[in-house]
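Note sheet for the following structure.
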Amino acid sequence: MTRHLLPVIAVAALFAAGLALAQTPAANPKVLLKTTMGDITLELYPAKAPITVKNILGYVEAKFYDGLIFHRVIPGFMIQCGGLNAEMSAKQGNPPIKNESGNGLKNARGSVAMARTNDLDSATSQFFINLVDNFGLDEMKYCVFGKVVAGMDVVDKIATVKTGSKRGHGDVPLEPITIVSATVVK
């Protein structure tokens, strides 16, 4: 009787192992920002911020970010991009998304969060990279959805550029820092 059960148990174990492999979640998506100052790779967290990650990936797939600039650089705080071109003209994005702050991710150094107005559900395409731990932004409900996994040296280099005012915007790099391309990578 035991001899007959061994093959059944072996097949069942193989079936269970196959199911476990099939149910393993896919790796978190990564986005490569090729900029005029170097490459930055972002890892996104769809399990923590599904609406936000879907939104960002939609912009990446549509090539929305290609040609836009880092339009706000505040040393010791953050760098922001995703909505303006070098002439400081806003690019029309999609409708705002629901705020997913409070998801357990923190506005720590290297984290990537959505920029928005005072309206919690006003984020569209703009995002920022934290240069330092900005945990006060967690209390203010700024949604973190990813982090820099390569190119933090580029982020830090961007943070050192000279800035000024341009067309009613402050903290604008005097020499444009352009996103040449944004693509999903493995």
Side-chain angles (χ1 to χ4, degrees), residues 25-35 37-62 64-66 68-84 90-91 93-160 163 169-171 173 177 179 181-186:
N28 290 325
K30 291 187 174 97
V31 172
L32 173 63
L33 300 177
K34 286 195 161 292
T35 80
M37 289 191 75
D39 295 351
I40 303 167
T41 303
L42 312 175
E43 181 177 21
L44 311 184
Y45 301 118
K48 296 283 189 173
I51 296 167
T52 308
V53 169
K54 181 179 178 185
N55 177 62
I56 293 294
L57 291 175
Y59 282 117
V60 170
E61 294 296 327
F64 180 88
Y65 295 118
D66 298 8
L68 297 182
I69 63 166
F70 282 86
H71 66 273
R72 190 170 176 223
V73 171
I74 304 175
F77 182 43
M78 60 90 208
I79 63 173
Q80 184 174 332
C81 65
L84 302 174
K91 187 170 183 180
N94 298 326
I97 59 171
K98 180 175 176 15
N99 187 309
E100 295 180 297
S101 65
N103 58 20
L105 299 174
K106 302 290 182 195
N107 278 280
R109 174 173 162 74
S111 65
V112 185
M114 292 303 291
R116 59 171 175 76
T117 67
N118 287 333
D119 178 356
L120 287 179
D121 297 327
S122 62
T124 57
S125 61
Q126 293 188 33
F127 60 91
F128 60 91
I129 301 171
N130 286 291
L131 298 171
V132 296
D133 292 343
N134 287 314
F135 299 132
L137 295 178
D138 298 330
E139 296 166 21
M140 296 169 64
K141 300 186 186 295
Y142 280 87
C143 174
V144 173
F145 65 92
K147 75 174 181 181
V148 174
V149 293
M152 196 63 193
D153 58 326
V154 175
V155 171
D156 289 335
K157 189 165 58 169
I158 292 171
T160 66
T163 61
H169 296 272
D171 305 307
I177 303 162
I179 299 170
S181 66
T183 54
V184 175
V185 294
K186 301 248 177 198

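In this chain, numbering begins with 1 at the start of the sequence shown.
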Does [X] use its side chain to pair, donor to acceptor, with the backbone of [Y] at less than 3.5 Å?
X: N55; Y: I97; answer: no
X: K48; Y: G104; answer: no
X: E100; Y: I51; answer: yes
X: S125; Y: G82; answer: yes
X: N134; Y: F77; answer: yes
X: S122; Y: T117; answer: yes
X: R109; Y: L131; answer: yes

So do the side chains of [X] and [Y] get within less than 4.5 Å of each other, counting heavy atoms only?
X: P96; Y: D121; answer: no
X: H71; Y: Q80; answer: yes
X: E61; Y: V184; answer: yes
X: V53; Y: P29; answer: yes
X: I179; Y: C81; answer: yes
X: H169; Y: L84; answer: yes
X: V112; Y: L44; answer: no
X: P46; Y: N28; answer: yes

From [X] [atom1] over to [Y] [atom2], what is the distance, rounded to the nearest 0.5 angstrom?
X: T52; Y: K98; atom1: OG1; atom2: NZ; result: 10.0 Å
X: K147; Y: I129; atom1: NZ; atom2: CD1; result: 13.5 Å
X: T41; Y: E43; atom1: OG1; atom2: CD; result: 10.5 Å
X: D66; Y: T183; atom1: CG; atom2: OG1; result: 8.5 Å
X: L68; Y: I177; atom1: CG; atom2: CD1; result: 13.5 Å
X: I56; Y: L42; atom1: CD1; atom2: CG; result: 9.0 Å

Give me the atom names and distance for the closest heavy-atom approach of [X] to [Y].
X: N94; Y: T124; answer: O-CG2, 3.4 Å
X: N107; Y: A113; answer: OD1-CB, 3.4 Å
X: K106; Y: F135; answer: CB-CE2, 3.8 Å
X: S111; Y: A108; answer: OG-O, 2.7 Å
X: L33; Y: A182; answer: CD2-CB, 3.7 Å
X: V132; Y: G76; answer: CG2-O, 3.3 Å

side-chain contact (heavy atoms from CB on, under 4.5 Å) evaluation trace for F128 with I74: CA-CA 11 Å; F128 60 91; I74 304 175; over 6 Å; no
Stepwise side chain to side chain donor-acceptor pair (under 3.5 Å) test for D171 and T163: CA-CA 5 Å; D171 305 307; T163 61; 4.6 Å; no
Neighbour count >12 (heavy atoms, 6.0 Å) for atom NZ, K91: yes
Y65 and Y59 aromatic ring geometry - parallel, tilted or perpendicular at 30°/60° bounds: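 Tilted.
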L120: partners by side-chain contact (heavy atoms from CB on, under 4.5 Å), with sequence neighbours left out: N99, R116, K141
